[in-house]
Amino acid sequence: MRRQAGFFPRVYDLVARIPRGRVATYGQIARMLGAPRSARIVGWAMHGNPHGRHMPCHRVIQQGGSCSPNYRVGDPGAQRRLLEREGVRFLLDGRVDMQAHQWQPGPEVPRRRRGE
DNA sequence: CAGCTGACAATAA
DNA sequence: GTTATTGCCAGCT
């Protein structure tokens with residue numbers, strides 16, 4: 001069905017829905033789209049994001065909580081500053097506190113955990 | 001025109 | 001338990 005709509009548009013739409021002060025992982029987004037194996041495509045969508053600043057790609061991070069190593073946006077650490085500026089807490093490990101900031105899809109979609 | 005690479009994650013061994 | 005490979009869509013060479 002919506003798979004015809006293309007994968008990127010869906011990624012952009014979902015990422016754009018990430019609330020301020022919250023973060024999501026590539027795998028999480030891919031999983032929401034019904035493609036748990038397309039995590040790379042999510043990242044690739046960011047690489048070619050035609051939306052630019054309207055695309056909070058800085059809110060999209062690795063599953064471990066670290067920022068994308070290849071995140072090129074001018075100067076290193078920019079992503080971290082953007083997140084901190086939104087109220088995201090960073091651990092001393094240089095990772096985002098996923099437990100506290102990993103984005104969860106509204107209360108309407110409680111859990112998409114496999115097998116439940 | 002066709003093939004390879006690419007901001008990751010999950011499954012298999 | 002860890003390490004290696006596969007899967008995916010689109011853009012670029």
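Everything numeric here is computed off the predicted structure, so don't read it as measured data. So you know, we letter chains A, B, ... as the sequences are listed, proteins then strands, and number each from 1.
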Worksheet entry | Sequence neighbours excluded - salt bridge (charged side-chain N to carboxylate O under 4.0 Å, His left out) pairs with any residue from residues 33-47 of chain A |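 Listed once each, the pairs would be none.
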Practice prompt. Using modelled atom types only, decide if a donor and an acceptor are shared between the side chain of A:His58 and the backbone of A:Arg80 within a distance under 3.5 Å.
Written response: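 No: the side chain of A:His58 does not pair with the backbone of A:Arg80.
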Practice prompt. Mind listing the closest non-hydrogen atom pair of A:Asn49 and A:Tyr12 along with its distance?
Written response: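 Looking at all heavy atoms of both residues, the shortest contact is CA-OH, 3.7 Å.
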Worksheet item: So which heavy atom on A:Ala30 is nearest to which on A:Ser38, and how close?
Response: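 Here A:Ala30 and A:Ser38 meet closest at CB-C, 3.9 Å.
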Can you give me every donor-acceptor pair (side chain of residues 18-29 of chain A, partner residue at least two apart or in another chain, under 3.5 Å) with its distance?
| residue | atom | partner | partner atom | Å |
| --- | --- | --- | --- | --- |
| A:Thr25 | OG1 | A:Gln28 | N | 3.0 |
| A:Tyr26 | OH | A:Ser68 | OG | 2.5 |
| A:Gln28 | OE1 | A:Gln102 | NE2 | 3.2 |
| A:Gln28 | NE2 | A:Trp103 | O | 2.5 |

When the distance from [atom1] of [X] to [atom2] of [N] is rounded to whole Å, what number comes out?
| X | N | atom1 | atom2 | result |
| --- | --- | --- | --- | --- |
| A:Leu82 | B:dA7 | CG | P | 20 Å |
| A:Ile61 | B:dC8 | CD1 | C1' | 13 Å |
| A:Gln28 | B:dA10 | CD | P | 10 Å |
| A:Ile29 | C:dC8 | CD1 | P | 19 Å |
| A:Leu33 | B:dA9 | CG | P | 14 Å |

Discussion item. Please pick, from B:dG6, B:dA9, B:dA7, the nucleotide with the shortest atom-to-atom distance to any side-chain atom of A:Thr25.
Written reply: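 Between B:dG6, B:dA9, B:dA7, the one nearest the side chain of A:Thr25 would be B:dA9.
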Practice prompt. Counting heavy atoms from C-beta on, name the nucleotide in B:dA9, B:dT11, B:dA7 closest to the side chain of A:Arg37.
Written response: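 Closest nucleotide to the A:Arg37 side chain: B:dT11.
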Worksheet item: Is any side-chain N or O of A:Arg31 closer than 4.0 Å to OP1 or OP2 of B:dA10?
Response: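 Checking A:Arg31 against B:dA10: at least one side-chain N or O falls below 4.0 Å of OP1 or OP2.
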Worksheet entry | N/O (side chain, A:Gln62) to phosphate O (OP1/OP2, B:dA9) under 4.0 Å |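 Indeed, a polar side-chain atom of A:Gln62 lies that close.
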Discussion item. Looking at A:Arg81, I'd like to know if its CZ atom is crowded, meaning that more than 12 non-hydrogen atoms belonging to other residues, nucleotides or ligands lie closer than 6.0 Å.
Written reply: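 Counting neighbours around CZ of A:Arg81, more than 12 heavy atoms of other residues, nucleotides or ligands fall under 6.0 Å, so yes.
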Practice prompt. Determine, step by step, whether A:Arg95 and A:Ile61 satisfy the side chain to side chain contact (heavy atoms under 4.5 Å, CB included) criterion, reporting the C-alpha distance in whole Å, the side-chain angles of both residues, the deciding distance to 0.1 Å, and the verdict.
Written response: CA-CA 9 Å; A:Arg95 295 198 260 199; A:Ile61 58 182; over 6 Å; no
Could you go through nucleotides 9-13 of chain C and list every protein N or O atom that sits under 3.5 Å from one of its N or O atoms, giving the distance for each pair?
| residue | atom | partner | partner atom | Å |
| --- | --- | --- | --- | --- |
| C:dA10 | N3 | A:Trp44 | NE1 | 3.4 |

Worksheet item: Quick one: on DNA chain B, does A:Pro36 or A:Gly43 contact a more 5' nucleotide (nearest heavy atom)?
Response: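 The residue mapped nearer the 5' terminus is A:Gly43.
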Worksheet item: Given the P atoms of C:dT3 and B:dA7, what is the spacing between them in whole Å?
Response: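 Straight-line distance between the two P atoms is 23 Å.
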Worksheet item: Expressed as a whole number of Å, how far does the P atom of B:dC4 sit from that of C:dT6?
Response: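 My reading of the P atoms in B:dC4 and C:dT6 gives 14 Å.
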